[in-house]
Amino acid sequence: MTNILHTIRSAAAKRMAYARTVSEIEAMPWETAHDLDIDRTNARAIARKTVYGY
């Protein structure tokens, strides 16, 4: 039972990190994104790779 709870908590934490990362990338000023070589239109792909590793 504790493994199931751990898995659920881990998945929820990753989902929250993903959502937060997408929000932060999308809210980033254009100039900052450009300086960091980030395309804000790819926020979801960037967040997925960052949080989930693929």
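The model shown is predicted, which means the values in this text are computed figures rather than measured ones.
Between Glu26 and Ala43, the shortest heavy-atom distance links the atoms CG-CB, 3.7 Å. Scanning both residues, Thr50 and Ile46, for their nearest heavy atoms gives OG1-O, 2.8 Å.
At least one side-chain heavy atom of Leu36 sits under 4.5 Å from a side-chain heavy atom of Met28. Between Tyr54 and Lys49, every side-chain heavy-atom pair lies at or beyond the 4.5 Å cut-off.
Thr21 OG1 to Arg48 CZ: the interatomic distance, rounded to the nearest 0.5 Å, is 12.5 Å. How far CG of Asp39 is from CG of Asn42: 4.5 Å, rounded to the nearest 0.5 Å. Between the CH2 atom in Trp30 and the CZ atom in Arg40 there is a gap of 9.0 Å [rounded to 0.5 Å].
In this structure a side-chain-to-backbone donor-acceptor pair under 3.5 Å is missing from Ser10 to His6.
Cluster membership for Tyr52 and Val22, using ILVMFWY side-chain heavy atoms within less than 4.5 angstrom, is shared.
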